[in-house]
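These values consider heavy atoms only, across backbone and side chains, with no hydrogens, waters or symmetry-generated copies. Numbers for residues simply follow the sequence, beginning at 1. Everything numeric in this text was worked out from a predicted model, so none of it was measured.
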Amino acid sequence: MKRVGSLGQTPTRLPDRQEMQVSTYNEGAQQTCQFFRKTPGEGHEFLMEDLKDHLLPKPTPQSNLGDASSRPFASLRQPFQGVDVLGLKKRGQSVRSWIRVDASSGDSQVIEVNKFTIMRRCDLPARDLRLLDPLFVYPSTILGREKAIVVNLEQIRCIITADEVLLLNSLDSYVLQYVVELQRRLKEFWNSDELKRLRECNAFSDLSGNNSSSDYLPFEFKALEIALEAACTFLETQAAELETEAYPLLDELTSTISTLNLERVRRLKSRLVALTRRVQKVRDEIEQLMDDDGDMAEMYLTEKKKRMESIYYGEQSMIGEGVQSFSAPVSPVSSPPDYRKLEKSFSFAKSRHESMRSSENGKQHIEEMEMLLEAYFVVIDSTLNKLTSLKEYIDDTEDFINIQLDNVRNQLIQFELLLTTATFVVAIFGVVAGIFGMNFPIGLFNSSSAFNWAFHQTPGIQYQKLDYNHFSTLHPSHLYQTINFTQITECVNETTKSDVIQLVKLLRSNFNPGEAESSDFLDRSGIKPNDVLINSVIWELRDGWKLAFFVFKWGQKWRCDNEKAWSLMIWVLGNHKKFNNAWCLIRDLYQSSMNTQRPMLIMIDRYAAANEPAEAIRTFQIMEKFKLSPDQNSFYSLLHTLYKHGYIEEAEEFMFLNAKLFPLETQGFNIILEGWCTTFMDILEAKRVWKEMDKCQIIPDEHSYTHMISCFSKVNNLFDSLRLYDEMKKKGWTPNRKVYNSLVYVLSHENCIDEALRILEKMKETGLKPDSTPYNFIIRTLCELGKLEDARGILSRMLEENVSPNIDTYHAFLEGVGVNFEESLELVERMVRSGNGPTRDTFVILLGKFLGVDEVENALKIWVKMKDYEVFPDSKHFVIMVEGLVKHGLKVKARELHNEMISIGIVEDPKLTKLLKDSLEDECRKSRKSRHEVRRVRMHHGKKWFSVKKIKNIK
């Protein structure tokens, strides 16, 4: 790169210091400012309002703007005087809020000015200000004007002058970070030793702009550089997120080709195209500036300002009379404002030296600007290359899928050909059989008692027509639960309970098909059936569908088959995958003019539980055949059932496919969000659904925010949890108990105990009384850190607020670091006194804890203590004890416990059996080795004795 010398001189080589500056720009661009890369809430303990109040002071009224005299050369430009604001507003000039950053001090303030004032202040046309209007969408643009640089790069929309930066007041985090970073760099510069050295070298008085230090950058370059950093970082971050989401999705698509995956790839490709277009526009804009020396020369605002000032002061002798007239007293009515006079003097000097400016444009030193743009051109070009590579990968994946589909199509054609051939062969045999076939008489058709058995199994019963219209108006939360099993055994008196027990014993001991078919099998028991008895017996016999069905038929005989009995019997049959029998019952209900909506929903639930989501969806679709019009609540019940059993993708796909029949609403999206946030805890999918809601113009409600905050807290994302919490309050939604518990959890997990306690105070202020759950989160964190005293303080605070500790509270202390054996037993005694256990999980915690720290004796004592508390061990306890004893060498005791486990009827664990077998083989191997060593030693001594005896005999 060459620097053009003065007129009449040959071009000279760029000095070494300026060549080194190119690498400095490249390093700064490649290692893009970490301030923009890190999460805005990272390392901060305050909410988003605190950050905004800290960065943005209160707006300054238009009449009380900052005094221009406090800035350099303030007497040459008075920015906002002499403008009739009210008149402008009446003519439609709207007032906008701007963030102003001063170049001399680095201070920022919020000002409210209108469009006309900005045009006069920055000497910009109206079309340039339209680029910054947030109501319009314009591509990225960088324009160099006489007194300002207009920048429109992604979120950064600002006007850069030689004295200040004006940004549209936005709540976007990148705008706030831009202001903070610009202030930091300005303050570092004004407080640095470099500034002192520049002042000693009289760098600021050099009107030609050739500073003595190549490290000095004008204010407008610094502001432009930070804007480029912000835009490049934002686009690079979006490209990285797109890559992270794209490659696993494309790999999944190659393995599983489904409609949902194809739709997700289509949306991903649309996002990729849009992002590539934006990156390409930024790259083209930077490249266009680098190719045009005149545009780069226009951006040297400080240098042009100094030149104009020198011209102005140099021409005072030529326009002295005009200047003197400015200072003469005149009438305030006819006298124009001071800045108008100053502009007239500038325009006079400007017209006189227009030819001089045109000749000097060729001598502008644009090396610094070119190096700055080149550095960020490399960064944005790298981002564009990433997106291009991703686009090629998507195209390759599409080609691969097309090849797979062609292969499958060929296989289907081949199979169809074989099937057609086989059908033709079978048809030939059918023709032969039809020609030579004969009809044989069947005597069974002439018997009048041939079909009595069938009629005996389905006796004719007259059913009453029940009113089920309330199903269509149920609240979705109630409709999701197809049958309430907790109410089956409610209101059962002691007599009915004894009858249920007697009847169940009778059926399980004496039931066989031959005797069960007799109509008086259960009548001989002397028990009179009723609705409650039939429902209770069916529920007790739910593990054997034949016995339950037999009791149901017995109830039909005595007309004790109410709605609950039918629903329960269909549930039992579906639970055993006897769907054909269940459909027969539904058909009987329909033929008896009874409502079949609840049984149909039960069938949907049982199909989903049996890993048959397609049948569940088909059941919903055939509800019309039973004269049931699927309403919105039934639709939501289907979505909830699919998500509950793990088929959230099928639920989401079905919701979008039926968007015309069932319009997309917030409640449907909430079910999908709940599935991704609660069942799968997949934050990426939850974010995708959240964006789909915004794309479909669905407004999130209280439950939407609750699901997202809960999901973010479970993955320990503190910033996004607090951000959604603030957004939820701004939208007018009141946070519920689950939201506050989630915030306490994530704050406790990040060791922000004080902030978690403040959230509890806010929870109390809203009228919600905290239960033991948030306190348990804090206590568990403190116990894991070994801060037992602080945990006891939280427990005392719970008791003062009349919040009773539960079993999770005591488990948190038992799992804490530093709790010895005696303290553990004392906690168990407190659990007994408070009525919170202990349970089997309590002793699982204690056994695992003491065996993990090599305290086998204490673990054996705990094992003995279990029986004192009437807690009987299950397979978990035996597995923990046997593995721990084998690990510490107590293999005999481990075998004793294993034999005890088998003797009490616990199913043998294959892993445990293999462990004991391996330990026994190790013992046998060691025993054989020791016997071999003993035998070898004996043989050695025997040979020695024999040789000694032989020598004696020879002598």
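- Under the side chain to side chain donor-acceptor pair (under 3.5 Å) criterion, Y745 pairs with no residue, sequence neighbours left out.
- Legend: residues meeting side-chain contact (heavy atoms from CB on, under 4.5 Å) with V689, ordered by chain and number and at least two apart, are E652, F669, I672, L673, W676.
- Residue pairs meeting the salt bridge (Lys or Arg N to Asp or Glu O under 4.0 Å) criterion with at least one partner in residues 835-844, sequence neighbours excluded, are R840-D874.
- Remark: aromatic rings of W733 and Y725 are distant, center separation not under 6.0 Å.
- Not counting sequence neighbours, the partners of N806 by the side chain to side chain donor-acceptor pair (under 3.5 Å) test are S772, N776, T809.
- Residue pairs satisfying the ring-ring contact (aromatic ring centres under 6.0 Å, His included) criterion with at least one member in residues 783-816, sequence neighbours excluded, are absent.
- Take F712 and apply the ring-ring contact (aromatic ring centres under 6.0 Å, His included) test, not counting sequence neighbours, and it matches no residue.
- Residues passing the ring-ring contact (aromatic ring centres under 6.0 Å, His included) test with Y740: none are found, sequence neighbours excluded.
- E789 meets the salt bridge (Lys or Arg N to Asp or Glu O under 4.0 Å) test with R792; sequence neighbours excluded.
- Taking the side chain to side chain donor-acceptor pair (under 3.5 Å) definition, one finds that D701 meets it with N670, S704, sequence neighbours left out.
- Using a 4.0 Å cut-off between charged side-chain N and carboxylate O, D720 and R723 make a salt bridge.
- Here F821 pairs with F850 under the ring-ring contact (aromatic ring centres under 6.0 Å, His included) rule; sequence neighbours left out.
- Applying the salt bridge (Lys or Arg N to Asp or Glu O under 4.0 Å) test to residues at least two apart or on different chains, the pairs with a partner in residues 794-821 are E761-R797, K764-E801, R780-E815, R797-E801.
- With respect to K564 and D531, no salt bridge is recorded, no charged nitrogen being found less than 4.0 Å from a carboxylate O.
- Under the ring-ring contact (aromatic ring centres under 6.0 Å, His included) criterion, Y775 pairs with no residue, sequence neighbours left out.
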